Number of protein chains: 2
Amino acid sequence: MRRPDARPLYMQVEAILKERIVSGAWVSGQALPAEPELAADLGVSAGTLRRALAELERRHLIERRQGRGTYVAQQTSERALGQFFRVRNLAGNPVEPETLITRVVTAPASEEDVECLHLSPGAEVHRIDRSRIFEGEPRIVERITLPAALFPGLSLPLAPEQLGTEIYVHYRYRHGIIVVRADEKLSATPASEEDAAVLGCAVGTPLLLIERVTFDAAGRAVELRVSRLDTRAHRYAVEIV
Amino acid sequence: MRRPDARPLYMQVEAILKERIVSGAWVSGQALPAEPELAADLGVSAGTLRRALAELERRHLIERRQGRGTYVAQQTSERALGQFFRVRNLAGNPVEPETLITRVVTAPASEEDVECLHLSPGAEVHRIDRSRIFEGEPRIVERITLPAALFPGLSLPLAPEQLGTEIYVHYRYRHGIIVVRADEKLSATPASEEDAAVLGCAVGTPLLLIERVTFDAAGRAVELRVSRLDTRAHRYAVEIV
DNA sequence: CGTCTTGTGTCTTATACAAGACCATGCAAA
DNA sequence: TTTGCATGGTCTTGTATAAGACACAAGACG
């Protein structure tokens, strides 16, 4: 096997398969060809292909089921919540948030937006202000900032049947953006008057401030999200390994 | 190959190797036998052994270096900081903390200790109060709680040459405890008078409260740590994948 | 100071069988 | 006839083996 590319073969295979998913050549939910067939197509052994598939599965780009086949992963609310939503109640159990969108505007990017999302100065962004509600109580206020270039004609889940749908599902199916990773920076901040009004707490109550930058499968920064979490009845959970 | 054990062979091999490390049969820094030799010893193929080794490396129990060999991982301050210390400055760079121990006592476990560390009521614990200092400024106050049964005759890094040594290094080399995982719960809390005195902030300043339970390679809860981080100049960083 | 040799982990291939899922067939019961 | 279900065939991924080429590190040797 010729290897003008310096990377190991299994990494090249992984990149090829990832490209097929990112480009939309293989759509969400679609079954991949069976391993022997795909390996023959790519001109590699089954073992090499399997190593590439294992890595793609680890990154949640595909799902494999013994006896059935390998499928391009689907983005669902359950998965988005399980993977990216780290809020737990005091018993340590996951909570199911409702969402209330309060404002959507399109505006020029701020300096912070330009830096975090690697935009060119003067680019436009969409801003979504919303609150998240656990068991009837508003517990998070947040602002989501999206590069307008990546989300043309931004459509949001506003219809009743979509209210329970996580926004990352919309990124995927409306805009073709596959969210795979996020960096978060956490700090503590006092509640502003607006925070206090929404969250029903005193002004100055310590809130957990979460600054998230989200990346898609192609490695682009696609979302900046600043959240304020009322931690009177909830915690942000992290597992360190 | 007989398999009365239901688990796949590579998992059984992984468990055997882990046991050899946890029990001390293979000590920290020691080179493992070469792969073909070890595979023959265990009566498995090289491929099966390599799969087990890959998992142990992922959990930081061994280190592999092409051309040199495979070694039982050593616990160093650098590794403990890199793996478990998530504080960054505002530029996003890691900080190098100094440590000031203010108080060490042995006392009966509280209810919270019993629950978090899975102790029997009435068990004793060591408590270590300390502060952590970044670039000359105290930024964290924390209390570490350890089951006395696991840390008999607790020895702490008090000598001058040990001041830069992370406490997990001592757990490993003084008490044979290999820290591999931690669960953290984060919230925001106002600074108490004592917090404010140490951190040089106003009473009521929002602090990031970190409640950590640490686990060793055998799966035991071995440490409860409650930290308060002053986030005026630092952040707690998380990567979500 | 290069070069060779030896020992190590890494990559790739090939083959075989195990285990899970699905489906068509066909028999038995209603 | 229709329904229900057991059975076996066949497709899938998962596990385990073996063998060889390759890349890297360290020490020996000229």
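Keep in mind it's a predicted model, so treat the numbers as computed, not measured. Labels below follow one simple rule: chain letters A, B, ... track the order of the sequence lines, proteins then strands, and each chain is numbered from 1.
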Output the rounded distance in Å from CZ (A/Arg51) to C1' (D/dT15). 16 Å
Contacts under 3.5 Å, N or O only, protein and nucleotides 14-16 of chain C:
none

Counting only side-chain nitrogens and oxygens, does B/Tyr10 get under 4.0 Å of the OP1 or OP2 atom of D/dT15? yes
Between P on D/dT15 and CG on B/Leu49, what's the gap in Å once rounded to a whole number? 16 Å
Looking at every heavy atom in both B/Ser28 and B/Ala73, which two are closest together, and how far apart are they? OG-O, 3.1 Å
Among C/dC11, D/dA16, C/dT12, find the nucleotide with the atom closest to the side chain of A/Leu9. C/dT12
Calculate, to the nearest 0.5 Å, the distance between atoms CZ and CG belonging to B/Arg88 and A/Leu186 respectively. 12.5 Å
Residue pair A/Glu223 / A/Tyr171, side-chain donor-acceptor N/O under 3.5 Å: yes
Pairing donors with acceptors under 3.5 angstrom, does anything connect the side chains of A/Thr214 and A/Tyr168? yes
What does the list of N/O pairs under 3.5 Å between the protein and nucleotides 2-9 of chain C look like, with a distance for each?
from  : atom 1 : to      : atom 2 : distance (Å)
C/dG7 : N2     : B/Gly67 : O      : 2.9
C/dT8 : O2     : B/Gly67 : N      : 3.4
C/dG9 : OP1    : B/Thr70 : OG1    : 3.4
C/dG9 : OP2    : B/Glu35 : N      : 2.9
C/dG9 : N2     : B/Gln66 : OE1    : 3.2

Closest non-hydrogen contact found for A/Pro147 with A/Ala221 is CG-O, 4.4 Å
Got a sec: does the CD of B/Glu96 have more than 12 other heavy atoms crowding it under 6.0 Å? no
Aromatic ring proximity B/Phe151/B/His126, centre distance under 6.0 Å: no
Taking the side chain from A/Ser77 and the backbone from A/Glu166, do they hold a donor-acceptor pair closer than 3.5 Å? yes
Starting at OH of B/Tyr71 and ending at P of D/dA25, how long is that distance when rounded to a whole Å? 11 Å
Is a donor from one side chain sitting under 3.5 angstrom from an acceptor on the other, for A/Tyr236 and A/Glu184? yes
Does NZ or CZ of B/Arg50 lie under 6.0 Å from the centre of the six-membered ring of B/Tyr10, at an angle within 45° of the ring axis? no
Using atom names, set out every protein N or O paired with an N or O of nucleotides 6-8 of chain D below 3.5 Å, distance rounded to 0.1 Å.
none

Taking the six-membered ring of A/Tyr71, is NZ or CZ of A/Arg65 closer than 6.0 Å to its centre and within 45° of its axis? yes
